Amino acid sequence: MASSVLEHDAPPGVPRLKGRGTPWRERFFRLSLWASLAVGVVFLAGLLIYVVYEAWPRLDSRIWTNFPDIIDPTNAGAQSAIMGTIWVIAFTALYCLPTGILAAIYLEEYADPERWWNKLIEINIQNLAAVPSIVYGILGLGVISRGLGFGQTVLTASLTLSLLVLPIVIIASREAIRAVPQSIRQASLALGATQWQTIRRQVLPAAVPGMATGSILALSRAIGEAAPLLLLGGLTFITFNPTGIQSQFTVLPIQIFNWISQSRAEFVSLASAAIVILLVILLAMNSLAIWLRNRYARRW
């Protein structure tokens with residue numbers, strides 16, 4: 001029997017008999033997976049190559065040191081859009097991350113799942129995660145911009161994007177907290193710790209990788225949103241950087257939309273260069289999420 005084991009074909013610790021080939025269904029399924037992966041990678045690589053090729057004439061310091069210029073696109077840049085993006089995303093993180101993490105802690109550690117209001121909250125969170133972003137733009141325009149009188153400012157944009165990604169932060173944080181084994185909680189409580197001490201010293205440190213990854217990916221979605229900000233009245237041509245939360249603003253997706261709608265070919269290179277800048281920011285955020293996950297990951 002020992003001679004019939006093919007260790008190089010079987011998973012570790014699982015013996016496999018000679019003469020038994022891989023079933024055709026398994027081969028077909030594996031081939032389908034590889035084909036799906038290849039399609040995604042090829043199209044993504046093609047898109048990146050095309051964007052970098054179009055942006056190459058303008059991939060220099062002018063794109064982040066100069067302000068937009070409709071008359072002379074050869075000297076135009078996206079400094080105001082880059083700084084506006086940083087301002088909006090920074091305040092979006094400031095508003096949505098503490099709220100989402102605290103809501104996840106309550107729903108997972110304190111809330112009674114049998115209470116009708118907790119069931120209502122969970123249903124609403126799951127539904128809000130699937131609402132189109134333009135709906136949040138309408139909400140921000142009607143309630144935050146006009147209702148509260150904040151106007152077309154960085155504060156309005158960051159609050160609207162916070163509402164957009166808040167359900168994602170809550171769901172990701174809940175999953176990270178839920179992944180912590182119950183035995184950790186039980187051992188802490190058995191040693192005399194209170195429930196809050198258990199959460200603060202045992203549960204949250206163990207849930208940091210999942211919460212950080214989910215939060216950064218949620219912010220990565222917010223940084224690429226243009227529809228709600230266009231509805232809020234985000235300006236397409238600004239030649240100054242924001243100076244506070246009450247400042248007017250523009251962001252990279254709006255600036256890209258403005259340039260790509262121009263008729264002159266120079267603006268196509270400008271838009272492509274701005275896309276590359278946006279992709280670099282997104283890749284940096286995603287790399288940070290991967291680093292945090294690997295740095296603080298725990299194996300149970």
Side-chain angles (χ1 to χ4, degrees), residues 1-56 100 104 108 122-123 125-133 164-165 167-184 203 206-227 253 272 275-276 278-300:
M1 179 64 69
S3 61
S4 63
V5 175
L6 290 178
E7 295 181 355
H8 62 279
D9 287 335
V14 179
R16 187 167 184 174
L17 299 179
K18 283 184 177 179
R20 278 194 176 181
T22 304
W24 69 270
R25 292 184 181 87
E26 182 178 344
R27 292 198 298 268
F28 177 77
F29 180 69
R30 189 177 301 175
L31 182 62
S32 301
L33 294 179
W34 279 105
S36 301
L37 178 63
V39 168
V41 171
V42 167
F43 274 94
L44 179 60
L47 176 62
L48 291 176
I49 292 172
Y50 172 77
V51 170
V52 173
Y53 175 79
E54 291 290 337
W56 191 255
E108 282 299 316
E122 292 196 12
I123 292 173
I125 290 173
Q126 294 172 3
N127 290 334
L128 288 174
V131 172
S133 60
L164 172 64
V165 301
I168 303 174
V169 175
I170 295 175
I171 293 173
S173 299
R174 290 188 65 186
E175 292 296 331
I177 294 172
R178 193 178 301 163
V180 179
Q182 287 293 332
S183 58
I184 301 296
V203 177
V208 162
M211 290 193 298
T213 302
S215 299
I216 294 177
L217 293 179
L219 293 176
S220 298
R221 178 192 174 184
I223 202 174
E225 288 290 345
S272 300
I275 292 172
V276 172
L278 183 60
L279 289 175
V280 169
I281 297 174
L282 286 173
L283 289 175
M285 295 177 66
N286 291 337
S287 300
L288 177 61
I290 294 172
W291 180 82
L292 288 173
R293 183 184 62 194
N294 295 334
R295 173 66 176 80
Y296 295 101
R298 294 187 181 183
R299 298 185 182 275
W300 308 103

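Values in this document were obtained by computation on a predicted structure and should not be read as measured data. By convention here, the first residue in the shown sequence is residue 1.
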Quiz item: Between L128 and V131, does a side chain to side chain contact (heavy atoms under 4.5 Å, CB included) hold up when you go through it step by step?
Solution: CA-CA 5 Å; L128 288 174; V131 172; 4.2 Å; yes
Exercise. Measure the CG-CG distance between L288 and L283 for me, rounded to the nearest 0.5 Å.
Key: 12.5 Å
Quiz item: Quick one: does V51's side chain get under 4.5 Å of V276's, heavy atoms only?
Solution: yes
Practice problem: Find the distance between CG (L219) and CE (M285) and round it off to the nearest 0.5 Å. | Solution: 4.5 Å
Self-check item: For A206 against V180, the heavy-atom pair lying closest together
Solution: CB-CG2, 3.8 Å
Exercise. Could you tell me which non-hydrogen atom of S272 sits nearest to which non-hydrogen atom of E54, and how far apart they are?
Key: OG-CB, 3.2 Å
Self-check item: L37: which of V41, L33, V39 passes side-chain contact (heavy atoms from CB on, under 4.5 Å)
Solution: V41
Practice problem: Work out which heavy atom in V165 is nearest to a heavy atom in A218; give both atom names and the distance. | Solution: CG1-O, 3.3 Å
Quiz item: Got a second to check how far I170's CD1 is from E108's CD, nearest 0.5 Å?
Solution: 11.5 Å
Quiz item: Any idea which heavy atoms bring R221 and A129 closest together, and the distance?
Solution: NH1-O, 4.4 Å
Exercise. Please report the C-alpha distance between V203 and I184 in whole Å, then the side-chain angles of each, then the deciding distance to 0.1 Å, and finally whether the side chain to side chain contact (heavy atoms under 4.5 Å, CB included) criterion is met.
Key: CA-CA 8 Å; V203 177; I184 301 296; 5.6 Å; no
Exercise. Measure the CG-CG distance between L282 and L278 for me, rounded to the nearest 0.5 Å.
Key: 4.5 Å
Self-check item: Closest non-hydrogen atom pair, N286 against S220
Solution: OD1-OG, 3.3 Å
